[in-house]
Amino acid sequence: MKVSVDEAKCCGAGQCVLLAPEVFDQRDEDGIVVLLTPEPSPDQHSDVREAAAVCPASAITLHDSP
């Protein structure tokens with residue numbers, strides 16, 4: 001799985017950071033979410049999927065590997 005975040009769509013709610021803090025973080029200056037790792041480990045996949053599902057701005061995109 002690969003993950004991307006559309007910073008232009010991000011509203012800075014930070015729910016993804018709470019659900020998967022080892023994958024997502026927020027910039028201090030504006031609260032916009034940034035990726036710590038674009039390819040999370042398999043044990044992080046369920047947390048990342050949940051984070052994408054609850055993102056109020058739909059700014060997180062998941063790209064499943066074949």
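Basis for what follows: all heavy atoms, side chains included, without hydrogens, waters or symmetry-related copies. Position 1 is the first residue of the sequence, and the numbers go up from there. Bear in mind the structure is a predicted one, so any value in this text is a computation, not a measurement.
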For the atom pair CE (Met1) and NE2 (His63), what is the distance rounded to the nearest 0.5 Å? 10.5 Å

Glu7 and Val33 have their tightest heavy-atom pair at CG-O, 4.0 Å

Please examine the side chains of Gln15 and Cys55, heavy atoms only from C-beta on, and report whether any two atoms are closer than 4.5 Å. no

Looking only at non-hydrogen atoms, find the nearest pair between Ile60 and Cys16 and report the distance. CD1-CB, 3.7 Å

Is there a side-chain contact between Asp47 and Val23, using heavy atoms and a 4.5 Å cut-off? no

Which atoms form the tightest heavy-atom contact between Ala57 and Cys10, and what is the distance? CB-CA, 4.4 Å

Are the side chains of Asp64 and Arg49 in touch, meaning some heavy atoms are under 4.5 Å apart? yes

Mind checking whether Phe24 and Leu35 have side chains closer than 4.5 Å, heavy atoms only? yes

Supply the atom-to-atom distance Ile32 CD1 to Asp6 CG, rounded to the nearest 0.5 angstrom. 10.0 Å

Taking the side chain as every heavy atom from C-beta outward, state whether Val3 and Leu62 have any atom pair closer than 4.5 Å. yes

Under 3.5 Å donor-acceptor, Gln44 side chain and Ala20 backbone: no

